[in-house]
Amino acid sequence: MTNTKPVRIRIAPSPTGDVHVGTGRTALYDYLFVKQTGGTFIMRIDDTDLARNTAHAEAGVYHGLHWLGLDWTEGPDKGGPHAPYRQSERLALYQQYAEQLLTAGHAYYCYCTAEELEALRALQTAAKEDPRYSGKCRDLSASAREALSASGRIPTIRLKVKGKVIGFDDLVRGWIETDTSLMGDFIIMKSNGIPVYNYATVIDDNLMEITHVTRAAEHIVNTFPQLLIYAALGWPTPFFAHFSTMLNEDKSKLSKRKGATFIGQYAEMGYLPEAMVNFLAFLGWSPGDSDEEMYTLDELVEKFSFARCTASNAIFDIKKFDWLNAKWIRKLAPEDLAKRILPFLRKAGLADADVDINWLTRMTTLIQERMVRLDEAPAVAAVFFQEPAAVPEEVRAVLGSVDGGAMLSAVASVLSKVNWTEADIEGALRSLQGELGLSTKVYFMTLRLAVTGSKVSPPLFASIEVIGRERVLRRIENLRDLLGTALSDIL
RNA sequence: GGCGCGUUAGUCUAGUGGUCAGGACGCCGCCCUCUCAAGGCGGAAUCACGGGUUCGAGUCCCGUACGCGCUACCA
């Protein structure tokens with residue numbers, strides 16, 4: 001099976017308004033391979049399941065994929081030589097080929113009702129037989145069909161299945177086969193005129209000249225009936241690649257209850273698209289020739305291959321994703337990071353749209369390696385925007401017998417005169433420590449508490465610089481006053 | 001139940017007959033240090049089980065167990 005035709009791969013999401021992470025990863029792999037081979041990436045909206053359609057929420061799907069940095073060249077939004085790209089708009093096509101199958105004798109009308117079929121299944125199950133269609137309507141005469149029609153029954157269309165061993169060479173798993181004599185004739189067109197997934201997929205993939213059918217492992221067994229349809233239509237089969245399934249920590253299928261399942265949710269939590277792409281790529285694939293763990297989309301395009309995809313299921317480990325996201329945050333240029341955290345700061349009510357970007361960038365360098373996710377920025381950066389809560393009790397515990405009031409007065413005096421740069425502030429403060437003869441722990445912790453209101457903060461000297469002389473002095477004096485009044489209250 | 005896929009530390013993985021089974025996350029310890037991070041160094045922890053094949057098996061074959069998927073007029 002060689003294929004020298006230009007690569008064409010499709011992603012076929014349901015319009016649910018967001019992108020499931022599994023779909024996102026498949027789309028990513030598709031994109032990587034397409035870019036690598038100079039092929040074409042196609043968006044096809046799979047909206048034949050009316051129950052699953054959320055008010056034509058295609059935009060959300062596009063948005064999620066675009067956020068990852070993925071784009072396509074044919075689709076409902078782009079047009080293309082094989083339009084329409086929505087399955088709901090291709091119904092006539094499915095009907096047309098179903099009729100072709102009918103006249104060729106590869107398919108037939110089945111008048112059994114859903115209830116009858118269910119009853120048959122129940123019977124077979126009870127008798128410990130494998131539930132499968134009996135073939136009851138397979139050889140109905142024309143008059144029998146008319147009579148059934150006249151009685152108000154609307155038929156489905158079934159494909160005739162001949163028992164034999166069939167298989168295909170999966171790009172990530174190798175040869176996979178099964179015996180179709182276990183299968184039974186299956187429905188390709190429902191009585192409401194809507195095609196069944198396995199059938200619509202084959203029609204579209206062939207008509208759209210898809211060369212590589214890529215999807216999650218749960219579709220492996222769907223490939224068999226699809227193979228039968230290709231054969232019945234006399235069509236060549238594409239390559240198939242089935243990726244591993246992504247699971248929750250408890251090995252269950254990814255679900256909302258057990259963590260975020262959609263790309264958009266991760267964006268809101270402050271994960272970087274760079275990190276998401278990187279993480280998703282490594283969940284079920286690895287470069288194999290390097291220990292490097294950070295890859296950009298472009299680098300992945302270069303290295304990706306189906307052969308290096310893993311066949312076993314992968315658990316979505318949020319801890320590792322956190323680590324990778326933090327790495328990516330640290331890798332960003334500060335001004336870039338500043339722009340990305342701004343929406344989170346604004347949402348938290350800390351910053352305005354007109355915040356000085358130079359100051360924000362400087363501030364960002366202080367919190368850059370203290371964030372795992374962007375949504376942590378407000379908490380870490382609050383000290384630069386809001387006056388800290390009073391903490392005299394904590395300070396007193398740190399001071400012990402040291403005279404805090406005197407120390408803070410001395411600090412304020414030094415800071416009111418020092419040249420306002422991080423280096424000069426540090427120099428002045430350190431030499432004052434020597435003059436006062438205070439321990440590092442007491443001196444700096446008291447200072448930290450005074451300036452930031454917390455025992456944990458970004459680096460002190462730089463923070464002092466960023467917060468600004470006026471506000472720093474006010475905070476120090478504030479605390480000194482609090483210590484004084486509190487003391488006098490006790491006395 | 002039947003069929004399909006899978007199984008290297010808690011997790012993601014490297015490994016395609018001969019390696020002390022490598023890397024990473026997480027965890028623990030130490031160092032650095034104005035706190036917290038980041039960073040550096042070190043540590044504990046793995047071939048699901050049983051049979052074969054072979055001089056030699058994580059690697060090949062068979063079986064068992066376990067997990068996942070499909071078994072719909074869902075996709």
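Nothing here was measured: the structure is a model prediction, and the numbers come from that model. Letters A, B, ... mirror the listed sequences (proteins, then strands); counts begin at 1. Every heavy atom of this structure was used, including side-chain atoms; hydrogens, water molecules and symmetry mates were not.
B/A38 makes up no base pair with any nucleotide shown, lacking Watson-Crick or G-U wobble contacts both under 3.5 Å. Pairing for B/C27 goes to B/G43, judged as Watson-Crick or G-U wobble with the two contacts each under 3.5 Å. Checking B/A48 for Watson-Crick or G-U wobble geometry (two distances, each under 3.5 Å) identifies B/U64 as its partner. Across all strands shown, B/C32 has no partner, as no Watson-Crick or G-U wobble contact with both distances under 3.5 Å is found. Partner assigned to B/U53 is none, using Watson-Crick or G-U wobble distances below 3.5 angstrom. The partner of B/C70, taking Watson-Crick or G-U wobble pairs whose two distances both stay under 3.5 Å, is B/G2. The partner of B/U16 is absent, by the rule that a Watson-Crick or G-U pair needs both atom distances under 3.5 Å.
Across all strands, A/Leu447 comes closer than 4.0 Å to no nucleic acid atom at all (heavy-atom distances). If you check every strand for non-hydrogen atoms under 4.0 Å, A/Pro287 touches nothing. If you check every strand for non-hydrogen atoms under 4.0 Å, A/Cys110 touches nothing. Nucleic acid contact for A/Phe461: base, since at least one base atom lies under 4.0 Å from a heavy atom of the residue. Contacts of A/Lys455 with the nucleic acid, taken as non-hydrogen atoms under 4.0 Å apart, include base atoms. Heavy atoms of A/Glu129 sit nowhere under 4.0 angstrom from any nucleic acid atom. Using a 4.0 Å heavy-atom criterion, one finds that A/Ala314 contacts the sugar-phosphate atoms exclusively. Contacts of A/Phe444 with the nucleic acid, taken as non-hydrogen atoms under 4.0 Å apart, involve only primed sugar atoms and P, OP1 or OP2. Using a 4.0 Å heavy-atom criterion, one finds that A/His219 contacts the bases of the nucleic acid, with or without backbone contacts as well. Contacts of A/Thr156 with the nucleic acid, taken as non-hydrogen atoms under 4.0 Å apart, include base atoms. Using a 4.0 Å heavy-atom distance criterion, A/Ile315 is classed as a sugar-phosphate-only contact.
Taking every side-chain heavy atom of A/Thr310 into account, B/U13 is the closest of B/U35, B/U13, B/C36. Taking the side chain of A/Phe224 as heavy atoms from C-beta on, and the options B/A75, B/G6, B/G4, the nearest nucleotide is B/G4. If you check B/C12, B/G4, B/U35 against the side chain of A/Pro459, the one that comes closest is B/U35. Comparing B/G4, B/C3, B/G23 by their closest approach to the side chain of A/Glu293 singles out B/G23. The side chain of A/Glu369 has B/A38 as its nearest neighbour among B/A38, B/A75, B/C12. Here the nucleotide nearest the side chain of A/Val196, chosen from B/C36, B/C74, B/A24, is B/C74.
Checked against a 6.0 Å centroid threshold, the rings of A/Phe243 and A/Tyr29 count as neighbours.
B/A72 and B/A65 have their C1' atoms separated by 30 Å, given to the nearest Å. Comparing the C1' positions of B/C28 and B/G10 gives an interatomic distance of 15 Å, to the nearest angstrom. Spacing between B/U7 and B/C49 at atom P, rounded to whole Å, works out to 14 Å. Comparing the P positions of B/C30 and B/C68 gives an interatomic distance of 41 Å, to the nearest angstrom. For the C1' atom pair drawn from B/A21 and B/U16, the interatomic distance equals 14 Å after rounding to whole Å. When the P atom is used for both B/C62 and B/A9, the distance is 23 Å, rounded to whole Å. Comparing B/G40 with B/C32, their P atoms are spaced 16 Å from each other, to the whole Å. Going from the C1' atom of B/U8 to that of B/C66 covers 16 Å, rounded to whole Å.
Applying the 4.0 Å criterion to OP1 and OP2 of B/A38, one finds that A/Lys327 has every side-chain N and O outside that range. Contact annotation: A/Arg430 side-chain N/O to B/C34 OP1/OP2 distance is under 4.0 Å. Contact between the side-chain N/O atoms of A/Arg121 and the OP1/OP2 oxygens of B/C73 is found at a separation under 4.0 Å. For A/Arg308 and B/G15, the shortest distance from a side-chain N or O to OP1 or OP2 is below 4.0 Å. Between A/Arg330 and B/G39 there is a side-chain polar atom (N or O) within less than 4.0 angstrom of OP1 or OP2. Regarding contacts with the backbone of B/A14, a side-chain N or O of A/Ser286 is found under 4.0 angstrom from either OP1 or OP2.
For the residue pair A/Asp46 and A/Ser14, no side-chain donor N or O sits within less than 3.5 Å of a side-chain acceptor on the partner. In the model, A/Glu274 has no side-chain atom that pairs as donor or acceptor with a side-chain atom of A/Thr296 under 3.5 Å. For the 3.5 Å distance criterion, the side chains of A/Tyr94 and A/Asp204 qualify, holding a donor opposite an acceptor. Defined by atom type and a distance below 3.5 Å, a donor-acceptor pair is present between the side-chain atoms of A/Trp328 and A/Asn278. Side chains of A/His242 and A/Arg215: a donor on one and an acceptor on the other come within 3.5 Å. A donor and an acceptor atom, one from each side chain of A/Tyr230 and A/Gln226, are nowhere located under 3.5 Å apart.
If you measure from atom NZ of A/Lys320 to atom C1' of B/G23, you get 8 Å, rounded to the nearest angstrom. Rounded to a whole Å, the CG atom of A/Asp317 is 9 Å from the P atom of B/G26. Computed from coordinates, the A/Leu227 CG to B/G4 P distance equals 15 Å when rounded to whole Å. In this structure, the CE atom of A/Met294 is 14 Å from the C1' atom of B/C25, given to the nearest Å. A/Arg25 places its CZ atom 12 Å from the C1' atom of B/C12, with the value rounded to the nearest Å. Taking atom CG on A/Asp179 and atom C1' on B/C3, their separation rounds to 10 Å, with Å as the unit. One interatomic measurement links the two molecules: CG of A/Asn313 to P of B/U11, which rounds to 12 Å at whole-angstrom precision. Taking atom CZ of A/Phe168 as the reference point, atom P of B/C5 lies 8 Å away to the nearest angstrom.
Both A/Asp291 and A/Ile187 lie near RNA chain B, and the one whose nearest nucleotide falls closer to the 5' end is A/Asp291. Between A/Val456 and A/Thr113, it is A/Val456 whose nearest contact on RNA chain B lies nearer the 5' terminus.
Within 3.5 Å, a donor on the side chain of A/Asn222 pairs with an acceptor on the base of B/A75, or the reverse. Judged by atom type and distance alone, A/Arg173 does not reach the base of B/C5 through any side-chain donor-acceptor pair under 3.5 Å. A donor and an acceptor atom sit less than 3.5 Å apart, one in the side chain of A/Ser191 and one in the base of B/C73.
With a 4.5 Å cut-off on side-chain heavy atoms, A/Leu297 and A/Leu28 count as touching. Looking at A/Arg475 and A/Val472, their side chains never come closer than 4.5 Å, going by heavy atoms from C-beta outward.
Salt bridge present: A/Lys320 and A/Glu293 bring a charged side-chain N and a carboxylate O closer than 4.0 Å.
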